Amino acid sequence: MVTTTTTTTTTTTTTTTTTFIEKRPNEKTIIPFTQNKVGGHVPMFRLPYHHAICKSVTNTRERIFYENILSHHPECIPFLPTYMGSIRLNNHNNRSSDCLLLLQQQHIDFINKQNVVVDDTEYIILEDLTQNKRKPCMLDLKMGTRQHGVYASCTKIASQSSKCENSTSRQLGVRLCGMQVFKTNHRRFEYQDKYAGRRLTTQRSFQDALFHFLHDGTTLLIDFIPILIEKLYQLYHLIESLPGYRFYGSSLFIVYDAEDQDTIDVRLIDFARCVTRLELRENIQKMTCPPSSPKDPDHGFLIGLQSIIQALENILTAQ
């Protein structure tokens, strides 16, 4: 049995209800999510019948962030994967046991390190943004000039700051974290991981990576560029209107289908280290590394959006 918790929001109240996900006969409740994943390191599984992804909640701040932003800022919904609540997997029947055994086998290092209780594990349920895409081309861009969270240890602060200083994050406010793109001339996918992204240190190298993502091996998908620029300007104004929110460690996820080049989608993902205005107001004294201007919007994130827009405009102008 898989139990889900979904949140229903109105203008004045938020209520939580528990429902049950039905499954078809002989259908596995969850399957490992290893394909169509270009970034991230936490366990993820797909609920194939429901077009959803289960993401391990290693830090409950991600769930809190989703529920806060949906309750107080519904204007953000177009830029978020659909949030379906939380799910707790248990070990009460053989089918769930099989799935949880997969969790243990596929992610044993993570489980040991995080002390996850395998027979009672919580996930958040999110829309699968690659659903129905035959050849999904995906770009994961780590956003902001700062990556460490507000409760980070000295070791984590030093580690994340070093990654920013030695990549495009500090200068441009954005860093390539993962890429999957289908090249029609070779009839295969090409990949770049986060380590390749860290080796990009200049504005030109980052711009070249965007060009590579939008080129199918034969043609530059130039019609996508004005659409992306418009969406990013919309997102810029949205983030600018959220003083007190911090999107540390979040990613901009861009996806299109190489077989159906009609649409391109832009979403924000990965909110484990993000902070709401309410949390800043209530807990700033407990934070090891609070933001320097807590009443401002996330300027580091805005710098990243400006850098992406500039790179896209440069690509468009050169054609």
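Being a predicted model, the structure only gives us computed values, none of them experimental.
Nearest heavy-atom pair across Val275 and Phe65 is O-CE1, 3.6 Å.
A distance-only check finds no donor-acceptor pair linking the side chain of Thr82 to the backbone of Glu127 [under 3.5 Å]. Under a 3.5 Å cut-off, the side chain of Gln147 and the backbone N or O of Met143 do form a donor-acceptor pair. Glu282 contributes no side-chain N or O that, together with a main-chain N or O of Glu279, makes up a donor-acceptor pair within less than 3.5 Å. Not a single donor-acceptor pair under 3.5 Å links the side chain of Arg267 to the backbone N or O of Phe79. Between the Arg175 side chain and the Arg198 main chain, no donor and acceptor come within less than 3.5 Å of each other. Under a 3.5 Å cut-off, the side chain of Gln180 and the backbone N or O of Pro136 do form a donor-acceptor pair. Listed for the Thr145 side chain is no donor-acceptor partner under 3.5 Å among the backbone atoms of Gly173. Thr288 contributes a side-chain N or O that, together with a main-chain N or O of Ala152, makes up a donor-acceptor pair within less than 3.5 Å. No donor-acceptor distance shorter than 3.5 angstrom exists from the side chain of Ser162 to the backbone of Ala158, with no hydrogens or angles considered. The closest donor-acceptor contact from the side chain of Asp257 to the backbone of Lys135 lies under 3.5 Å.
Both Leu176 and Leu221 sit in one connected hydrophobic cluster of ILVMFWY residues. Membership requires side-chain heavy atoms under 4.5 Å apart, directly or through other members. Linking Ile, Leu, Val, Met, Phe, Trp and Tyr residues whenever their side-chain heavy atoms come within less than 4.5 Å leaves Ile157 and Met287 in two separate clusters. Side-chain heavy atoms closer than 4.5 Å link hydrophobic residues (I, L, V, M, F, W, Y) into clusters, and following such links, even through other members, never connects Ile303 to Leu252. Cluster membership check: Ile77 shares its hydrophobic cluster with Ile254, using side-chain heavy-atom separations under 4.5 Å among Ile, Leu, Val, Met, Phe, Trp and Tyr. Follow the hydrophobic side-chain contacts under 4.5 Å out from Leu172 and you reach Leu268 in the same cluster.
Side-chain contact between Glu230 and Val266 is absent, with no heavy-atom pair separated by less than 4.5 Å. Under the 4.5 Å side-chain criterion, counting only non-hydrogen atoms from C-beta, Gln160 is in contact with Arg273. Contact check for Tyr83 versus Ile69: no side-chain heavy atoms found under the 4.5 Å cut-off. For the pair Ile269 and Asp140, the minimum side-chain heavy-atom distance is below 4.5 Å. Contact check for Asn166 versus Thr201: no side-chain heavy atoms found under the 4.5 Å cut-off. Between Lys142 and Lys163, the closest side-chain pair of non-hydrogen atoms is not below 4.5 Å. You'll find the side chain of Leu210 reaches within 4.5 Å of the side chain of Leu139, heavy atoms only. The side-chain heavy atoms of Asp260 and Arg134, taken from C-beta on, include no pair separated by under 4.5 Å.
More than 12 heavy atoms of other residues, nucleotides or ligands sit less than 6.0 Å from atom NZ of Lys183.
Geometric assessment of Arg146 against the ring of Tyr248 yields a positive cation-pi assignment under the 6.0 Å and 45° thresholds.
Note on ring orientation: taking the six-membered ring where Trp is involved, the planes of Phe189 and Tyr191 are tilted (angle from 30° to 60°). Relative orientation of the His73 and Tyr245 rings is perpendicular, given thresholds of 30° and 60° on the angle between their planes.
Atom-to-atom distance recorded for Asp223:CG and Ile264:CD1 is 11.0 Å, nearest 0.5 angstrom. Taking OG of Ser250 as the start and CG of Asp298 as the end, the distance is 7.5 Å to the nearest 0.5 Å. Interatomic distance, Lys55 NZ to Ile125 CD1, rounded to the nearest 0.5 Å: 14.0 Å. To the nearest 0.5 Å, atoms CZ (Arg277) and CZ (Arg246) are separated by 11.0 Å. Atoms OG1 and CZ, on Thr263 and Phe224 in that order, are 6.5 Å from each other to the nearest 0.5 Å. Here the CG atom belonging to Leu80 is positioned 6.0 Å from the OH atom belonging to Tyr66, to the nearest 0.5 angstrom.
Applying the ring-ring contact (aromatic ring centres under 6.0 Å, His included) test to His215 and every residue at least two apart in sequence or in another chain returns Phe211.
Between Tyr256 and Phe182, the ring centre distance reaches or exceeds 6.0 Å.
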